[in-house]
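Below you'll find the structure, written out as structure tokens, and then a few comments.
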Amino acid sequence: MSLLTVSRLGKSFGGVRAVDGIDFQLAAGELLALIGPNGAGKSTTFNMVNGQLCADTGSIRLDGVELVGLKPRQIWRLGVGRTFQIAATFSSLTVVENVQMALVSADHKVYSLWRPAARHKRAEALALLAQVGMESQADRPCSVLAYGDVKRVELAIAMANSPKLLLMDEPTAGMAPAERNDLMALTRKLVVERGLGVLFTEHSMDVVFAYADRIVVLARGRLIAEGKPAQIRDHPKVQEVYFGSGKTFEKKPAAKAEGGQ
């Protein structure tokens, strides 16, 4: 049984059919890339899975549970974590406090200003930071971190609810090549260790072809191709929508992370 099953998913804005009846599945322990040129419908699809947009038609099932109609908070509590294109952290808080805040939310707790959450599950927060290589910077303010480190903190925050599905929106945006590889290698490691399913959007084709197990390609709201990276690299329709005729995706060697395929 698939972890995530998307069936006949559709969304319109006025007279524009942004997503037009797409279907795909994602298994636990798999990294699935959702790609396409600008206007393809990938952001709309991504936001429907997360509950930020409600689908007009179709179904999104997580372990058999229907997500369409649920709010992002409800979907998060069903075991869906998310990172954003622009890293979402509280810059005024320390690294460990950011993760503790996520753990507070996961426990359905509310802390008032006079009951600070500073001691809530600090050990658990430090354990999450250790998994992303940030434990040594736990007590530094997020505001002083390098951007690549902020993205690691955001990944720890996304893991606070022990998700079975992780949504990553442009995870390597704004990062240098070495930082991109480090972050995706770390993601691959978490997938292997925890059996996560990961759905990610990404503009860097180097990242997509190096780390995705499978790729779904959208164009003008429709699914035009789905398969393993080698199949998508050589797919004539994919090359046409990205480049027009006469060009192909350049094959570049890329370091594979531990557990990569």
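This is a predicted model, so every value here is computed, not measured.
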Looking at residues at least two apart in the chain, or sitting in another chain, which of them share a side chain to side chain contact (heavy atoms under 4.5 Å, CB included) with P72?
-> N50, Q52

Which distance, rounded to the nearest 0.5 Å, do you find between the CG of L26 and the OG1 of T5?
-> 9.0 Å

List in chain and number order the residues that pass side-chain hydrogen bond (donor to acceptor under 3.5 Å, both in side chains) with R8, two or more places apart in sequence or in another chain; answer none if no residue qualifies.
-> none

With sequence neighbours excluded, what pairs up with S12 under the side-chain hydrogen bond (donor to acceptor under 3.5 Å, both in side chains) test?
-> R17

Output every pair passing salt bridge (Lys or Arg N to Asp or Glu O under 4.0 Å) with a member in residues 25-37, not counting sequence neighbours, ordered by first then second residue.
-> E30-R214

Salt bridge (Lys or Arg N to Asp or Glu O under 4.0 Å) contacts touching residues 142-151 (sequence neighbours left out) | K151-E154

Between L218, V241, I22, which is the residue that forms a side-chain contact (heavy atoms from CB on, under 4.5 Å) with I224?
-> V241

Output every pair passing side chain to side chain donor-acceptor pair (under 3.5 Å) with a member in residues 34-49, not counting sequence neighbours, ordered by first then second residue.
-> N47-R82

Name all residues meeting the side chain to side chain contact (heavy atoms under 4.5 Å, CB included) criterion together with V16; count only those two or more places apart in sequence or in a different chain, and write none if there are none.
-> none

Using side chain to side chain contact (heavy atoms under 4.5 Å, CB included) as the criterion, list what pairs up with E170, not counting sequence neighbours.
-> Q85, A173, T201, E202, H203

Salt bridge (Lys or Arg N to Asp or Glu O under 4.0 Å) contacts touching residues 173-185 (sequence neighbours left out) | none

Not counting sequence neighbours, which residues clear side chain to side chain contact (heavy atoms under 4.5 Å, CB included) with K71? List them please.
-> Q74

Test side-chain hydrogen bond (donor to acceptor under 3.5 Å, both in side chains) applied to S162 - qualifying residues, sequence neighbours left out = none

Check side-chain hydrogen bond (donor to acceptor under 3.5 Å, both in side chains) between R220 and all other residues, then give those that pass, not counting sequence neighbours.
-> none

